[in-house]
Amino acid sequence: MFRTKNLFFITIFFLGFDAEEVFAQVKNKQGIDFHIKKAKGQIKLDGIIDEPDWASADVATNFYMNSPVDTMPPTYQTEARVTFDQHFFYVSYVCYDNMEKPNIMQSLRRDFDFDLNDNIGVIFDPYDDHTNGFYFLITPFNVQHEGTVSGGGTSGDYFNNNWDNKWYSQVKRYSDRWVAEIAIPFKSFRYNKKNWNITFLRHDLKHNQLSSWIATPIQYVPASFAYTGKMIWEEPAPHPGVNVSVIPYIVGSSTQDAENNVPTSSSMTAGFDAKVAVTPAINLDLTVNPDFSNVDVDRQVINLTRFEYQFPERRTFFLENSDLFSTPGYPPTRPFFSRRIGLVADSSGNLQKVPIAYGARVSGKIGKNWRIGAMNLQTKKKESLGLPEQNYTVAVVQRQIFSRSNIDFFVVNKQSLGMEKYDSTKYYQSDLVRNTWNGSDTVKKLNLYNRVIGADFNLFTKSNKWNGDFYYHKSFDDFTTDKNYSYGLFLSYSSRHFNTFGGQYGVGENYNAEVGFVPAQSVYHGFINGFNRVEGRFYPKRGSITNMGPGLEFDRTQILNGTITDKAFIADYSINYKNTSRMFGTVQRIFSLLPQDFNPLDPKSDGTYKTGQQFDWTEFNVQYNSDARKVFTYSVKASGGQFYDGSKKGLSGTLSYRYQPYGNVTVTYDYNDIRLSYGSAKFLLISPRVDLTFTTKLFFTTIVQYNTRYDNVGLNARLQWRYKPASDFFVVYTENYLSENLQSRNRALVLKWTYWLNL
């Protein structure tokens, strides 16, 4: 039998093969000085950089390509300049271009998709730790996109585009270039006053070229802090002074629940968020009676696995410095997942909102090497879901070590309040009650609290070649005192032609992270998982292919008595083309020994397959993504093969047409035809989405989700008017229908007004 550790250690033999010698031609290398001078005059945002302060500023130029090749400059060069005054950090760009061909734009909506739009941006680390920072992007049509960076930006997973803040910009297009100017208030982000790390990134989708000021090998993200210059302040960055922002809101809503015969009701609520800069690098977030009705609706999925699907967090309160709270552990064993607060699944598996009374969060940087985070939220009682009032507390302290690595210690606490007033049967459907043995009989016991404490070591080497994670956590509650651990270790290596990663994580039988995300624990009740992957990469010198290569992966899960319950051996091959299209194919050999009853056709029903049954099957899929530069684009994924003791065929993907730059229509689809020994089913999820952007301030989005697996048709329509920076008026309409006859199940109309006020 092929062992996990064998694949992992065999790959170490190849670690000496690296081809970064191609970078002998590099003009701008890591750590190059880039001076910033204080503006002596006024900077006017008009896309005309004729002010004397721009003329005297250092120029970041000689951009170098990262993709599709990393051995030459881009076809069209870029210039970037920076300056500042007492209130703003200014950046200007000159993007030379062939303006006879139109720039590629999906729409005028804020927070655009980086991969699908022409854009230019600044990425900076204002703490000088090569780990955390911010980015601000702008398109040729003056559409803004901002976000936060964590983990050094070593992969796309470390860029959070849900963070929103106030800044200003202007763009002007000329015959041979487009010019952008942006002004970012110092009050909009956190920073230290000393030197920053900075780089500039341009995505020229029209010519399929990704370039950056600091030349970055193709295997690494060109926006990562391992490849930045050193911004030298000739005068210290100014103190922003009193920095308090209050964001009040008012919501009026009307709801009707026809499915449960609840008549139409109307309500009016109000609340506020606040941001207080304790220091320029530490922020205090406050929220009272928060409302998240304007947050984008989750995209539905057809989940055929035994495990919970993880949706991203989009609620503003949880976003700034979110990596401090959310990254301890490994993705399948996170001790904290913010969507556990204020959202809970009912007995049918549907998410219901639990009102949050208030919340407070302090987070940020202390000096160069320390980061802190502390959060406390209180939810209200919701008896229909069997939930009392609950209090959530999370605290983290992180210490940077070596050049970019860090170690953190954390505690997560969930406390149920007022439980002494109730008997255990009142909360039978919640996670607050378990059956326990009192020595003579089985009784129900209330869970008053749940806590997790732990420590993590996160490894990031200076060159980005090595990345790792090592952690140990323990949980505590009213039910158990032993076998309550979670541990993991992960190590990866990246070079030009070869990538590998491997690791193992384990969870004790009684480990319980009620505010975390550990989807496998509800299935296995204690398990060990090992995983390894190796990848090769080739770069043809001629033809239509930019790079391609194979991948091999082996995953294994066993329960604590040593019985292997799941194995998967995966072989895949990817091809990336010069026209931005991509082909990807996979073959998987899967083994499963069921640790509990399971029905793949209806996970909510009694399991048709019984505990202890074993299955072996083979699956395959082929996926193609078309040229992203075309007005009509598509992706298609065909899958097939065996599935448990039967077969499965599937077809999924997207179709998209854009009317540049005012919007696009996208249809997402997922079809599965499953035939098993005891029955068959056909599941269809189809979701058309219409995105209209009348201006850079007025947006209208409608999404319909038809899902036969859950017998539901959902409609969500949202009109957003950004009448001032970071201030909005929303009109949101949602309705759910029965899929058979489109009879309304429930509906809601919400009007929401928010205003960002600086004090």
Side-chain angles (χ1 to χ4, degrees), residues 34-61 63 76-100 102-105 107-112 117-124 134-146 164-189 198 200-204 206 213 231 238 660-662 693-699 721-727 756 758:
F34 184 60
H35 294 82
I36 179 171
K37 305 173 185 176
K38 187 173 183 178
K40 298 179 180 179
Q42 182 179 0
I43 299 295
K44 181 181 179 181
L45 297 187
D46 54 9
I48 305 172
I49 55 172
D50 56 355
E51 290 89 348
D53 291 302
W54 287 134
S56 63
D58 277 9
V59 182
T61 188
F63 278 48
Y76 294 94
Q77 266 296 344
T78 306
E79 298 174 357
R81 297 169 174 84
V82 296
T83 187
F84 73 101
D85 60 22
Q86 190 62 31
H87 304 290
F88 294 96
F89 174 61
Y90 297 98
V91 187
S92 70
Y93 310 100
V94 179
C95 302
Y96 294 98
D97 204 349
N98 176 9
M99 301 301 287
E100 294 180 0
N103 292 106
I104 297 177
M105 290 290 303
S107 70
L108 299 175
R109 174 178 295 280
R110 295 188 85 258
D111 296 330
F112 53 85
N117 294 268
D118 286 327
N119 63 85
I120 181 75
V122 59
I123 303 94
F124 56 86
F134 304 87
Y135 68 88
F136 295 83
L137 309 175
I138 195 78
T139 75
F141 288 82
N142 196 32
V143 182
Q144 298 178 345
H145 177 153
E146 73 274 34
D164 192 16
N165 222 306
K166 181 186 294 188
W167 56 293
Y168 309 88
S169 62
Q170 193 56 256
V171 174
K172 188 175 180 62
R173 296 190 295 274
Y174 299 86
S175 61
D176 64 342
R177 66 196 186 281
W178 56 278
V179 178
E181 290 180 290
I182 69 175
I184 309 168
F186 283 107
K187 292 185 177 184
S188 291
F189 61 95
I198 190 170
F200 307 93
L201 179 69
R202 181 178 177 184
H203 187 219
D204 184 359
K206 179 166 53 175
W213 175 52
M231 192 167 72
Q660 185 167 307
Y662 299 107
T693 55
F694 306 104
T695 70
T696 57
K697 300 180 184 299
L698 186 62
F699 322 120
W721 175 33
R722 175 148 287 199
Y723 59 90
K724 292 185 66 176
S727 302
W756 188 297
N758 288 329

Would Phe141 and Phe112 count as a close aromatic pair, with their ring centres under 6.0 Å?
-> no
Could you tell me whether the side chain of Asn117 reaches within less than 4.5 Å of the side chain of His145, counting heavy atoms only?
-> no
For Ser169 against Asn142, the heavy-atom pair lying closest together | OG-OD1, 2.6 Å
Considering residues at least two apart in sequence or located in another chain, which fulfil the ring-ring contact (aromatic ring centres under 6.0 Å, His included) criterion with Trp167?
-> Phe136
What pairs with Asn103 under side chain to side chain donor-acceptor pair (under 3.5 Å), at least two apart in sequence or on another chain?
-> Asp97, Asp118
Val122 versus Phe200, closest heavy-atom pair with distance | CG2-CE2, 3.7 Å
So with a 6.0 Å cut-off around OH of Tyr662, is the heavy-atom count from everything else above 12?
-> no
Validate the cation-pi geometry between Lys172 and Tyr174: distance from NZ or CZ to the six-membered ring centre under 6.0 Å, angle to the ring axis within 45°.
-> yes
Any idea which heavy atoms bring Lys206 and Ile104 closest together, and the distance?
-> CA-CD1, 3.7 Å
Pair listing, side chain to side chain donor-acceptor pair (under 3.5 Å) test, anchored in residues 38-49, at least two apart = none
Sequence neighbours left out, what pairs pass side chain to side chain donor-acceptor pair (under 3.5 Å) with at least one residue falling in residues 83-93?
-> Asp85-Tyr90
Heavy atoms, side chains only, cut-off 4.5 Å: are Tyr168 and Gln170 in contact?
-> no
Residues passing the side chain to side chain donor-acceptor pair (under 3.5 Å) test with Lys187, sequence neighbours excluded, are none
In Å and rounded to the nearest 0.5 Å, what is the CG to CD distance from Leu108 to Gln660?
-> 9.5 Å
If you round to the nearest 0.5 Å, how far is CG of Asp176 from CE of Met99?
-> 8.5 Å
Is Ile184 close to Phe134 at the side-chain level, that is, under 4.5 Å between some pair of heavy atoms?
-> no
Check whether any side-chain heavy atom of Met105 sits under 4.5 Å from a side-chain heavy atom of Val143, and report yes or no.
-> yes
Please lay out, stage by stage, how Phe84 and Ile36 fare under the test side-chain contact (heavy atoms from CB on, under 4.5 Å).
-> CA-CA 8 Å; Phe84 73 101; Ile36 179 171; 3.7 Å; yes
Minimal heavy-atom distance between Pro140 and Arg173, with the atoms involved, is O-NH1, 2.9 Å
Given side-chain contact (heavy atoms from CB on, under 4.5 Å), test Arg722 with Thr696 step by step and report yes or no.
-> CA-CA 8 Å; Arg722 175 148 287 199; Thr696 57; over 6 Å; no
If you round to the nearest 0.5 Å, how far is CG of Asp111 from CD of Gln144?
-> 9.0 Å
CH2 (Trp756) with more than 12 external heavy atoms under 6.0 Å = yes
List for me each residue that meets ring-ring contact (aromatic ring centres under 6.0 Å, His included) alongside Phe699, sequence neighbours excluded, and say none if there are none.
-> none
Would you give the length of the straight line joining atom CZ of Phe694 to atom CZ of Arg109, rounded to the nearest 0.5 angstrom?
-> 10.5 Å
Roughly how far, to the nearest 0.5 Å, is CZ of Phe63 from CZ of Arg202?
-> 8.5 Å
From the options Asn119, Leu137, Thr139, select the one residue that forms a side-chain contact (heavy atoms from CB on, under 4.5 Å) with His203.
-> Asn119
Note: Cys95 and Thr78 closest approach over all heavy atoms is SG-CG2, 4.1 Å
Starting from the C-alpha separation in whole Å, work towards a yes-or-no answer on side-chain contact (heavy atoms from CB on, under 4.5 Å) for Phe34 and Val82.
-> CA-CA 9 Å; Phe34 184 60; Val82 296; 3.5 Å; yes
In Å and rounded to the nearest 0.5 Å, what is the OG1 to CH2 distance from Thr61 to Trp213?
-> 10.5 Å
Verify side-chain contact (heavy atoms from CB on, under 4.5 Å) between Glu181 and Glu51, making sure each step is shown before the conclusion.
-> CA-CA 12 Å; Glu181 290 180 290; Glu51 290 89 348; 4.1 Å; yes
Which atoms form the tightest heavy-atom contact between Tyr76 and Asp204, and what is the distance?
-> CD1-OD2, 4.4 Å
